There are 2 protein chains.
Amino acid sequence: MMLLDTMSSKNTETRNRILKASLGLLEASQGKDVRMSDIAKLAGISRQALYLHFSTRAELLIATTLYLDEIKGTDDRLTSSRTAETGQQRLDAYIDAWGHYIPEIYGIAKALLAMRDTDDAAAEAWDNRMQAMKEGCKAAIEALSRDNMLSPDHPPEDATDLLWTLLSIRNWEQLTLDCGWSQEKYIDRMKALARRNFVKDE
Amino acid sequence: MMLLDTMSSKNTETRNRILKASLGLLEASQGKDVRMSDIAKLAGISRQALYLHFSTRAELLIATTLYLDEIKGTDDRLTSSRTAETGQQRLDAYIDAWGHYIPEIYGIAKALLAMRDTDDAAAEAWDNRMQAMKEGCKAAIEALSRDNMLSPDHPPEDATDLLWTLLSIRNWEQLTLDCGWSQEKYIDRMKALARRNFVKDE
DNA sequence: GCGTCAACTTGACACGGTGTCAAGTAAACA
DNA sequence: TGTTTACTTGACACCGTGTCAAGTTGACGC
């Protein structure tokens, strides 16, 4: 009968060491070639002990993203755009927050994205996160709509779909890593693109 | 000493059966879970014989894309936009041709895309194809520029990067498969988006 | 008819990474 | 003292890719 115990089974401390190791490796390698045994080694435990905490690679990856959010305060940052006065400002603020956020999560995102094609659990986890991010897009578009500043070109749902797609991590990857755009350039252009497409003229 | 032989080693007929089988499976399964043994079985040969023709999975996949292009006449279709009179028409025509082309190559594209993260050969093959497609984007933007109709918002290179990114297969996938857009809707919206962003006002 | 060569066959096997199983250890606790 | 918890070591199954060796079959030239 445990009393003074650490509230949760399996030792929280070790669990955190695992998550920290996982995150570190994922960030360092941009998601490539990170095996369970690598993570175990860095966490200072045996590979098998890893499975006592996370029964599957996908599960560990998912837990790592949650851990990352906890550390970086994702939700706070992405919802800070709510304080904006106008819809236009809100759109800008959201793109700004998201644009700065991407590089921080890129490593783990890449790993999850790679698993998405083969592992259902990973796919679901990833889709959940992206759905949350889509909510942010939706909120920004609705703010525009409330201000009566949404371009008549698109119904709100379509504008949301488009904005969401525009801001995808794959697109960030292509523009910055493949095309060599700087982080500032990416953010500026995305803001301009969004403004021009979703904000009513004049 | 071969004389009446089939001009190439390893029997062209079998090779074609393999490519046909590969393409069929890739299309049917959208790129997922297609193993070498599946392809061999469908082609009516042993798994080992497959390796006599293609020494690696990546090599087979790449050959399959070339085979697909041959069948569908890719180059012709994508360069047909060259006949357009104005830059604006050319941009539309290119988006139209590409938009109709994507669903036809999606299965194999998805398979190659999944390998891109792990296999260097696959990554290079894919990047080559996408570079070719980028040339088309560049040509369209340059046609606009020649007509003095390119929006002053973007330098031509940036416009090319953006258009290329906008028309990525991942974006098509997200809008049609995830968001449920129809093929027509996708093409129409992409045209509208491109027009609004890259063509000078009024 | 004889050899030979090319295209294929069967069957075995190595490798890498994930996930499982069984048995043992070491410290914490009652 | 005995029990429980968190871990250890070591072995192993599975899957898919790619390799190797030895055999079969048919078409060819001579």
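Below, chain A is the first sequence line, B the second, and so on; all start at residue 1. Only a predicted model underlies this, so the values are computations on that prediction, with no experimental measurement involved.
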*Just jot down the salt bridge (charged side-chain N to carboxylate O under 4.0 Å, His left out) partners of D188(B), sequence neighbours excluded, or say none.*
none
*Interatomic distance, D33(A) CG vs dT18(C) C1' [rounded to whole Å]*: 15 Å
Please write out the pairs of protein N or O atoms and N or O atoms of nucleotides 10-14 of chain C separated by less than 3.5 Å, giving the distance to one decimal.
| residue | atom | partner | partner atom | Å |
| --- | --- | --- | --- | --- |
| dA12(C) | N6 | Q48(B) | NE2 | 3.4 |

_Taking only side-chain N and O atoms of T14(A), does any of them lie within less than 4.0 angstrom of OP1 or OP2 on dC7(D)?_
yes
_From E104(B) atom CD to I108(B) atom CD1, the distance as rounded to the nearest 0.5 Å_ = 13.5 Å
*Whole Å only: how far is the CG atom of D38(A) from the C1' atom of dT18(C)?*
13 Å
*Touch check for T56(A), heavy atoms < 4.0 angstrom, all strands: base, sugar-phosphate only, or nothing?*
sugar-phosphate
Please tabulate, for the side chains in residues 41-48 of chain A, all donor-acceptor contacts under 3.5 angstrom to protein atoms that are two or more places apart in sequence or on a different chain.
| residue | atom | partner | partner atom | Å |
| --- | --- | --- | --- | --- |
| S46(A) | OG | A49(A) | N | 3.2 |

*Rounded to the nearest 0.5 Å, how far does CZ of R77(B) lie from OG1 of T79(B)?*
11.0 Å
*Nearest-Å distance for atom pair CD/P, residues E13(A) and dA27(C)*: 16 Å
_If I take atom CG in residue L52(B) and atom P in nucleotide dA21(D), what distance separates them, rounded to the nearest angstrom?_
14 Å
*asked:* Between C1' on dT18(C) and CD on E59(A), what's the gap in Å once rounded to a whole number?
replied: 14 Å
*Looking at the side chain of M36(A), which of dT8(D), dT9(C), dG19(C) is the nearest nucleotide?*
dG19(C)
Which donor-acceptor pairs under 3.5 Å do side chains of residues 18-29 of chain B form with protein atoms, sequence neighbours excluded?
| residue | atom | partner | partner atom | Å |
| --- | --- | --- | --- | --- |
| S22(B) | OG | T64(B) | OG1 | 2.9 |
| S29(B) | OG | L25(B) | O | 3.0 |
| S29(B) | OG | G31(B) | N | 3.4 |
| S29(B) | OG | K32(B) | N | 3.4 |
| S29(B) | OG | K32(B) | O | 3.0 |

*For the pair W172(A) and Y186(A), name the ring-plane relationship: parallel under 30°, tilted 30 to 60°, perpendicular over 60°.*
perpendicular
_Please evaluate residues K134(A) and C179(B) with respect to the criterion side chain to side chain contact (heavy atoms under 4.5 Å, CB included), reporting the C-alpha separation (whole Å), side-chain torsions for both, the decisive distance (0.1 Å), and the verdict._
CA-CA 11 Å; K134(A) 190 173 183 178; C179(B) 298; 3.7 Å; yes
*L60(B) CG - dG16(D) P separation (whole Å)*: 16 Å
*If pairs are Watson-Crick or G-U with both distances under 3.5 Å, what is the dot-bracket string of DNA chain C, marking crossing pairs with [ ] and pairs to another strand with |?*
||.|||||||||||||||||||||||||||
_Below the 4.0 Å mark, does dC8(C) have OP1 or OP2 next to a side-chain nitrogen or oxygen of H53(B)?_
yes
*Which nucleotide, dC7(D), dG18(D), dG19(C), lies nearest any side-chain atom of N11(A)?*
dC7(D)
*Find the distance between CG (D161(B)) and CG (L166(B)) and round it off to the nearest 0.5 Å.*
12.0 Å
*To the nearest Å, give me how far apart CZ (R57(A)) and C1' (dG19(C)) are.*
13 Å
*Calculate the interatomic distance between L50(B) atom CG and dT19(D) atom P; express it in whole Å.*
12 Å
Solution key, residues 89-97 of chain B side-chain donor-acceptor pairs under 3.5 Å, sequence neighbours excluded:
| residue | atom | partner | partner atom | Å |
| --- | --- | --- | --- | --- |
| Q89(B) | OE1 | E85(B) | N | 3.3 |
| Q89(B) | OE1 | T86(B) | N | 3.3 |
| D92(B) | OD2 | R195(B) | NH2 | 3.3 |
| Y94(B) | OH | M133(B) | O | 2.8 |
| D96(B) | OD1 | K191(B) | NZ | 2.7 |
| D96(B) | OD2 | H100(B) | ND1 | 3.4 |

